[in-house]
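So that the names make sense, note that chain A is the first sequence line, chain B the second, and so on, each numbered from 1.
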Number of protein chains: 2
Amino acid sequence: MTDVLTFLDALPQEIVITDPDIVASYSRDQSRFTDSAVPAAVLAPRTTAEVSACMAAAQRDSVVVIPRGAGSGLSGAANASAGSVVLSLHRMTAIREIDPVNRLAVVEPGVVTADLRARAAAEGLFYPPDPGSVAFSTVGGNVATNAGGMCCVKYGVTGDFVLGLEVVLADGRIMRTGRRTVKGVAGYDLTHLLVGSEGTLGVITEITVRLLPAPREAHTLVASFPTLESAGLAVSEIAASGSTPSMLEILDRTTVQAVDRMTKMGIGEDTAALVLVQSDDVDAASVLAGIEAVCSGVGAVEVVVSSDPTEAALLLEARRSALRALEALGDWLLDDVAVPRSRITDLIAFVESTAAELGLIIGVFGHAGDGNLHPTIIYDESDESSKAAAVAAFDAITRRALELGGTITGEHGVGRLKSSWLAVEHDETSMSVQRAVKAALDPAGILNPGVGGFAARA
Amino acid sequence: MTDVLTFLDALPQEIVITDPDIVASYSRDQSRFTDSAVPAAVLAPRTTAEVSACMAAAQRDSVVVIPRGAGSGLSGAANASAGSVVLSLHRMTAIREIDPVNRLAVVEPGVVTADLRARAAAEGLFYPPDPGSVAFSTVGGNVATNAGGMCCVKYGVTGDFVLGLEVVLADGRIMRTGRRTVKGVAGYDLTHLLVGSEGTLGVITEITVRLLPAPREAHTLVASFPTLESAGLAVSEIAASGSTPSMLEILDRTTVQAVDRMTKMGIGEDTAALVLVQSDDVDAASVLAGIEAVCSGVGAVEVVVSSDPTEAALLLEARRSALRALEALGDWLLDDVAVPRSRITDLIAFVESTAAELGLIIGVFGHAGDGNLHPTIIYDESDESSKAAAVAAFDAITRRALELGGTITGEHGVGRLKSSWLAVEHDETSMSVQRAVKAALDPAGILNPGVGGFAARA
């Protein structure tokens with residue numbers, strides 16, 4: 001390896017951070033069970049030109065670069081390795097443009113997603129992507145991981161809103177992809193090749209996103225079910241009914257009870273699952289009336305519907321506090337799998353039996369409408385056998401999702417957490433094409449090696 | 001070049017077509033001003049395994065392969081070259097699966113798009129893509145070109161519905177991309193790298209598409225405007241108003257008059273532009289009432305609204321007959337550019353002045369809601385100066401679209417028609433990355449060389 005200090009010396013010193021405490025805080029994201037190390041330094045460029053200078057120097061000096069948004073990822077895609085530098089985009093926070101007529105925004109990668117949503121809302125517009133981290137994750141990070149959220153069931157994922165990008169390649173060259181028009185088919189879709197590529201193909205320095213008209217205030221429904229099967233049936237029937245809820249979430253018994261212990265909401269012990277639905281359609285009241293009938297028809301114990309935003313916030317409290325409630329039970333390892341909607345109950349039932357078998361608590365909550373669930377394994381970090389059981393459960397659940405026709409990751413990404421899983425989901429030809437694409441864009445392998453299941457630097 | 005006859009001899013003879021008349025009919029698509037030649041043969045495989053055998057043999061024998069759907073393209077992406085073979089997917093027409101609960105379909109590439117739409121409709125489902133060629137073009141061709149249509153303003157383009165693909169690579173290897181779940185972020189998005197790649201990266205042998213619930217019967221509005229500016233203002237105001245029409249089309253004066261001459265609809269000479277709108281929202285009547293007010297407010301001469309499907313069909317007749325009406329005036333060269341919605345009138349005004357300057361008739365119609373317009377140049381194929389003027393107008397319009405912040409192609413693709421334009425729209429780094437991607441997937445350059453603006457075989 002080249003002397004990283006020489007590399008750093010050649011950069012503008014105002015963008016180089018070497019303070020050991022700060023540098024150490026950039027070692028990893030929010031994932032568990034992923035490798036990381038304190039990087040050699042953090043680079044905090046302010047402009048595309050500075051990002052380009054960083055990458056050109058890194059390529060020349062063979063320095064590994066880990067691009068980073070807010071570090072809120074759950075798969076280790078922003079974890080540093082020894083001798084690497086973390087390239088943090090947190091100083092590039094300008095919202096460069098909001099265009100109401102063409103309904104688009106142009107932003108720098110470090111813009112916090114909630115800030116973009118607020119700015120759009122101020123213009124009567126809507127930027128739908130709402131990952132759980134919306135209040136602190138960045139648009140650049142969301143694009144790099146193709147982040148999801150609760151809106152996806154109606155509005156789609158982050159990538160569905162990306163029209164174009166400015167990207168700095170591994171060798172420092174600057175490239176524009178995509179366009180400002182809503183339609184366009186000129187050339188290969190490099191935009192969506194970059195979306196979700198987890199910092200392995202380039203550093204995103206500007207994002208042009210499509211905006212929607214502001215949605216109506218949503219109506220909310222919460223239904224409790226006596227069995228997992230009845231809740232699953234409700235989700236399937238809602239999906240098949242042709243209605244288009246703007247949210248369709250599920251919480252299993254373990255999660256509901258954890259929430260109840262924490263919040264004292266008084267959800268009965270006999271609740272096997274909660275299903276939460278929102279509709280922002282103009283006829284939301286009648287949409288939810290139809291969904292209420294579906295829920296009652298399959299045996300829901302209680303169904304509460306509200307058009308009042310304050311009441312809705314209370315109704316959604318169980319979903320919002322799910323991860324916090326499970327966290328209170330111990331250390332946690334969050335999985336993120338997606339299955340065809342019709343297989344959700346199969347997956348949840350498998351998780352429950354796995355938990356019983358391995359003597360673990362595993363709560364399941366997530367985006368039922370997309371088949372995207374987050375089994376959350378509670379374990380004891382200080383107990384090696386508990387850790388081993390957690391990993392065994394994680395592996396079993398991920399494998400089961402694949403067997404059910406699903407994917408190893410619905411929205412959190414492959415990162416380092418699931419890099420060994422990529423070749424289980426994808427066939428050998430796909431893996432070889434992905435490796436060829438990686439080699440075409442980053443021949444020296446300096447961008448986030450070890451992430452995404454591609455060969456690290458030789 | 002290898003002896004193509006030796007290559008053909010090695011293939012199962014029941015998939016090799018050498019009848020000269022049939023082979024000649026596969027020379028080109030529906031584009032004008034594009035190079036083509038009679039291919040050496042047509043291959044008509046029935047299975048993925050046969051496609052794989054064709055490609056493996058072609059790679060071994062260095063035979064150029066031109067993948068082809070229905071041949072209805074308008075950019076020359078399916079044009080044959082001398083010594084090439086056309087690989088036609090017309091025998092792979094199975095709709096393998098319609099899954100109402102998970103709302104997806106799995107089809108072979110040769111399925112006619114209208115057939116998929118009909119099969120989905122029979123299950124109460126909706127496959128939105130509706131290119132003008134919907135009655136005869138294929139899903140595989142639509143995916144390979146990322147085809148658009150009138151639905152896109154609300155529902156998006158073909159690529160927005162593609163969940164996964166089976167693809168045969170240039171060397172015959174078979175690859176699966178994507179997934180059956182609505183969400184998934186495992187690995188690079190090879191699915192959308194293939195979408196719109198015009199047969200230059202692989203041969204698509206199976207497509208998994210997302211379906212929607214069946215839409216409501218649409219309400220229809222047609223407004224006539226005394227000036228182009230007022231029509232453009234209406235489109236901008238509709239776009240900015242936050243309503244979500246399921247169709248938003250425009251016809252300029254030249255097109256309207258051509259339609260009127262052919263159909264005797266009695267559209268007045270004083271109509272400078274027609275704007276056609278549909279809404280399939282549950283509150284379509286009130287949506288169109290709002291749009292009617294917008295149109296009247298900016299000076300529409302006449303606004304007709306109908307909720308009756310038969311009447312709606314009559315109202316839309318002008319749009320449906322636009323190309324046919326312009327065709328009746330002479331030979332035609334159809335452009336396909338997209339600009340930000342706010343620049344539509346700038347582009348149409350430029351087309352009108354270009355037509356006057358060059359002494360040509362140029363009608364403009366298209367998807368105003370997307371900023372995607374089809375200036376249609378009428379010329380005389382037998383007159384060299386008229387041909388030269390047509391090409392000059394085409395080039396001027398395409399350049400102007402770029403100057404207005406647009407793209408050289410909104411939905412028809414680059415093909416051979418605009419291969420020299422790709423490097424005008426995209427920067428050098430993007431072109432070099434696209435070439436690197438092409439080389440990574442098709443190192444021998446046997447798939448559709450000359451299409452898409454990438455280097456042909458050396």
Side-chain angles (χ1 to χ4, degrees), chain A residues 100-102 124 146 148 152 157 169 173-177 179-190 192-193 195-197 213-214 236 239-240 242 281-283 338-342 370-372 405-411 413-414 422 425-427 429-430 433-434 436-437 440-441 452, chain B residues 100-102 124 145-146 148 152 157 169 173-177 179-190 192-193 195-197 213-214 236 239-240 242 281-283 338-342 370-372 405-411 413-414 422 425-427 429-430 433-434 436-437 440-441:
Chain A
V101 174
N102 296 305
N146 198 8
C152 306
V157 296
L169 297 178
R173 283 181 300 163
I174 300 165
M175 166 172 86
R176 285 206 160 265
T177 73
R179 47 183 205 280
R180 287 172 65 93
T181 55
V182 278
K183 273 161 94 179
V185 290
Y188 296 142
D189 186 354
L190 299 183
H192 292 95
L193 183 61
V195 169
S197 65
S236 287
D281 289 348
V282 62
D283 59 340
V339 293
R341 273 185 287 253
S342 58
D370 296 320
N372 182 195
T407 173
I408 58 168
T409 174
E411 58 181 14
V414 173
L422 196 61
E425 176 164 339
H426 290 168
D427 59 43
T429 305
S430 168
V433 168
Q434 291 180 65
V437 167
L441 273 81
Chain B
V101 174
N102 296 306
T145 57
N146 199 7
C152 306
V157 296
L169 296 178
R173 283 181 301 162
I174 300 165
M175 165 173 87
R176 284 206 161 266
T177 73
R179 48 185 203 277
R180 287 172 64 93
T181 54
V182 279
K183 274 161 92 176
V185 291
Y188 296 142
D189 186 354
L190 299 182
H192 291 95
L193 183 61
V195 169
S197 64
S236 286
D281 289 349
V282 64
D283 59 339
V339 293
R341 276 185 284 254
S342 58
D370 296 319
N372 182 197
T407 173
I408 58 168
T409 173
E411 58 181 14
V414 173
L422 195 61
E425 176 163 339
H426 291 169
D427 59 45
T429 305
S430 168
V433 168
Q434 291 181 65
V437 168
L441 272 81

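From B/H426, atom NE2 reaches atom CZ of A/R179 across 9.0 Å, with rounding to the nearest 0.5 Å. Rounding to the nearest 0.5 Å places CG of B/L441 at 8.0 Å from OH of A/Y188. Interatomic distance, OG of A/S197 versus CD of A/Q434, reported as 11.0 Å (0.5 Å rounding).
The parts of A/D370 that come within reach of chain B are both its backbone and its side chain, each placing non-hydrogen atoms under 4.5 angstrom from that chain. Using a 4.5 Å cut-off between heavy atoms, A/S430 contacts chain B through both its backbone and its side chain. For A/H192, the parts sitting under 4.5 Å from any heavy atom of chain B are the backbone and the side chain alike. With a 4.5 Å cut-off on non-hydrogen atoms, B/N102 touches chain A through its backbone and its side chain both. Looking at A/L169, the atoms closer than 4.5 Å to chain B (heavy atoms on both sides) all sit in the side chain, from C-beta outward. When heavy atoms are compared at a cutoff of 4.5 Å, A/E411 approaches chain B by way of both its backbone and its side chain. Contacts of A/V101 with chain B are made by both backbone and side-chain atoms, with heavy-atom separations under 4.5 Å.
With chain A as partner, the option from B/A436, B/A186, B/P213, B/A240 having the largest number of non-hydrogen pairs under 4.5 angstrom is B/A186. Here A/L190 is the residue among A/L190, A/I408, A/N146 with the most heavy-atom pairs under 4.5 Å with chain B. With chain B as the partner, the residue from A/G242, A/G410, A/G452 showing the most heavy-atom pairs under 4.5 Å is A/G410. Considering only heavy-atom pairs separated by less than 4.5 Å from chain B, the leading option among A/L193, A/V414, A/V195, A/V282 is A/V282. Between chain B and the residues A/G184, A/G406, A/G124, A/G371, the largest count of heavy-atom pairs under 4.5 Å involves A/G184. Of all the listed residues (A/D281, A/T177, A/D283), the one sharing the greatest number of non-hydrogen pairs under 4.5 Å with chain B is A/D283. Between chain B and the options A/P340, A/A338, A/P100, A/A440, heavy-atom pairs under 4.5 Å are most frequent for A/P340.
When atom types are taken as modelled, the side chain of A/T429 and the backbone of B/I174 share a donor-acceptor pair closer than 3.5 angstrom. A/D189 places no side-chain N or O within 3.5 Å of a backbone atom of B/G196 that could act as its donor or acceptor partner. A distance-only check finds a donor-acceptor pair linking the side chain of B/D427 to the backbone of A/R176 [under 3.5 Å]. Counting only distance, with no hydrogens or angles, the side chain of B/T181 and the backbone of A/V339 share no donor-acceptor pair below 3.5 Å. In this structure, the side chain of B/E425 does not engage the main chain of B/T407 through any donor-acceptor pair within 3.5 Å.
The closest side-chain heavy-atom distance from A/K183 to A/V185 is not below 4.5 Å.
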